[in-house]
Participant: 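Okay, here's the structure, questions in a sec.
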Protein chains: 2
Amino acid sequence: MLNPTESLATAPMLSGSERLWATSVVRDLAFLLARANALSLAQANAAAATHGLKVRSYTVLAIAVSDTRPTQRELAEFLRLDPSQIVALVDELESRALVRREPDPSDRRANVVVATDEGRATYASAHATVADSERAIFAALSAEERTTLMEMLRRLAGAPDALSA
Amino acid sequence: MLNPTESLATAPMLSGSERLWATSVVRDLAFLLARANALSLAQANAAAATHGLKVRSYTVLAIAVSDTRPTQRELAEFLRLDPSQIVALVDELESRALVRREPDPSDRRANVVVATDEGRATYASAHATVADSERAIFAALSAEERTTLMEMLRRLAGAPDALSA
DNA sequence: TATTGTTATACTCTATAACTATA
DNA sequence: TATAGTTATAGAGTATAACAATA
């Protein structure tokens, strides 16, 4: 009845379960990563929902807006989703006229996903909302710490070596 | 057909999707957090599966082993799961005689979850496997960086202030 | 009247296989 | 023969509501 998506900031300082922080799991990086991610994800989903999006569709839209003209296969590989899930995501965005499928000139089997003008507009406002809501969560860290965290996560996430600011 | 759980280390340096790292999403802390977590989770699940566990059940078992004698309600609160999900997790662990439900003396409505001897043994070997597999993932960071990361994640995960080593 | 554990149910997400059209 | 996109389906995970026993 109170689930991950709900009442995060509103929680009144969780009663008796707080003592479980004395447990060994909380010294486990994977556990903390999962927990931090759950909080961040819930926040991001709530923010994206304001614009009729979920993090998944928001992310696909963000990539479409970037003008990298990814094929669905590339999206699947990059987001580590099955190609069939990309179909559903692109279907949904396309039905709302936020993206278009264009035939890849160099391979007639492949579709390239591009944002429409409306998609760009939606992304712009969604991005503002999402970024804003994340600031609230990552405010637990200083600007310098956030930079350090990003650099570490990039390595854990398997990003290629170039740093990018 | 290639999904998160599969072929992580085995992946042959992902072909054309690598260029999508030039996209703006990869400068998004939440995105990187989600991606790092997906990798870590897949690894941990694979390791736990060796002992017939998933991260969820492994975590519950870890807490049971800690002798903090949590009620199911406390587990639900701490793990941010619905109480009904805890029922299923404890049912499964109890059917395998890894944990026991004991009546809480101070509240006859509540059950307290405790590990059996077999549960302790299973946890010990599962913990070794899981910790080992995680070392592989977090090897991308130095020991010092791992400490820094843990401290940051603890704050993001909403841990109480005391540091704990 | 509120809370703990439980059951039931609907819904979303994830995983897998098979088909088509191109290469 | 292999690959891109698609469809279908089954299973796991998540969300919600209601009930019995106890507070």
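Note that the structure is predicted; figures quoted are calculated from it, not measured. Numbers restart at 1 for each chain; the letters A, B, ... are given by sequence-line order, proteins then strands.
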Participant: Is the Trp21(A) ring parallel, tilted or perpendicular to the Phe31(A) ring (thresholds 30°, 60°)?
Facilitator: perpendicular
Participant: Kindly say whether Pro83(B) contributes a backbone atom to a donor-acceptor pair with the side chain of Arg73(B) at under 3.5 angstrom?
Facilitator: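 Checked: no pair found.
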Participant: Consider the side chain of Arg56(B), meaning its heavy atoms from C-beta on, and name the nucleotide among dT6(C), dT7(D), dT14(D) that approaches it most closely.
Facilitator: dT14(D)
Participant: If we ignore angles and hydrogens, is there a donor and acceptor under 3.5 Å between the side chains of Tyr58(A) and His51(A)?
Facilitator: no
Participant: Could you tell me the separation between the CG atom of Leu81(A) and the P atom of dT6(D), rounded to a whole number of Å?
Facilitator: 15 Å
Participant: Could you list all N or O pairs between the protein and nucleotides 8-10 of chain D that sit under 3.5 Å apart?
Facilitator:
none

Participant: Restricting both atoms to N or O, compile the protein contacts to nucleotides 20-23 of chain C shorter than 3.5 Å, with distance only.
Facilitator:
| unit_1 | atom_1 | unit_2 | atom_2 | d |
| --- | --- | --- | --- | --- |
| dA23(C) | OP1 | Arg108(A) | N | 3.0 |
| dA23(C) | OP2 | Arg108(A) | NH2 | 3.1 |

Participant: Rounded to whole Å, please give me the gap between CD1 in Ile86(A) and C1' in dA15(C).
Facilitator: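 In whole Å, dA15(C) C1' and Ile86(A) CD1 are 14 Å from each other.
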Participant: Between the side chain of Asn37(A) and the main-chain N/O of Asn37(B), is any donor-acceptor distance below 3.5 Å?
Facilitator: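 No, because the side chain of Asn37(A) does not come within donor-acceptor range (under 3.5 Å) of the backbone of Asn37(B).
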Participant: Answer yes or no: does a side-chain N or O of Arg73(B) lie under 4.0 Å from OP1 or OP2 of dA2(C)?
Facilitator: no
Participant: Measure from CG on Leu79(B) to P on dT14(D) and round the result to the nearest Å.
Facilitator: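 Rounded to the whole Å, the gap is 12 Å.
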Participant: Output all residues satisfying side-chain contact (heavy atoms from CB on, under 4.5 Å) with Thr23(B), sequence neighbours left out; order by chain, then residue number.
Facilitator: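 Scan of Thr23(B) (side-chain contact (heavy atoms from CB on, under 4.5 Å), adjacent residues dropped) gives Ile63(A), Ser66(A), Thr68(A), Leu20(B), Val25(B).
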Participant: Is there a side-chain polar atom (N or O) of Gln85(B) under 4.0 Å from OP1 or OP2 of dG13(D)?
Facilitator: no
Participant: Nearest-Å distance, CG (Asn111(B)) to P (dA21(D))?
Facilitator: 15 Å
Participant: Check side-chain hydrogen bond (donor to acceptor under 3.5 Å, both in side chains) between Thr148(A) and all other residues, then give those that pass, not counting sequence neighbours.
Facilitator: none
Participant: Could you give the CG-to-P distance, from Leu41(B) to dT14(C), as a whole number of Å?
Facilitator: 11 Å
Participant: Would you tell me if any nitrogen or oxygen in the side chain of Arg101(B) comes within less than 4.0 Å of OP1 or OP2 on dT4(C)?
Facilitator: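 Checking Arg101(B) against dT4(C): no side-chain N or O falls below 4.0 Å of OP1 or OP2.
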Participant: Go through Ser17(A) and Glu74(B) one step at a time and tell me if the side chain to side chain donor-acceptor pair (under 3.5 Å) criterion holds.
Facilitator: CA-CA 5 Å; Ser17(A) 72; Glu74(B) 286 173 326; over 6 Å; no
Participant: Round to the nearest Å and state the distance from Asp91(A) atom CG to dT7(D) atom P.
Facilitator: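 The distance from CG of Asp91(A) to P of dT7(D) comes to 7 Å, rounded to the nearest Å.
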Participant: Mind calculating the distance between CG (Leu89(B)) and C1' (dT6(C)) to the nearest angstrom?
Facilitator: 14 Å
Participant: Checking Glu92(B) now: which residues fulfil salt bridge (charged side-chain N to carboxylate O under 4.0 Å, His left out) with it, not counting sequence neighbours?
Facilitator: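 Here the qualifying residues are Arg96(B).
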Participant: Taking salt bridge (charged side-chain N to carboxylate O under 4.0 Å, His left out) as the test, write out the residues that go with Arg109(A), two or more places apart.
Facilitator: Asp107(A)
Participant: To the nearest Å, give me how far apart CG (Leu75(A)) and C1' (dA4(D)) are.
Facilitator: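 Checked: the CG to C1' distance equals 13 Å.
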Participant: Quick one: is dA15(D) close enough that its OP1 or OP2 comes under 4.0 Å of any side-chain N or O from Arg80(B)?
Facilitator: no
Participant: Between Lys54(A) and Gln72(B), who's closer to the 5' end of DNA chain C by nearest nucleotide?
Facilitator: Gln72(B)
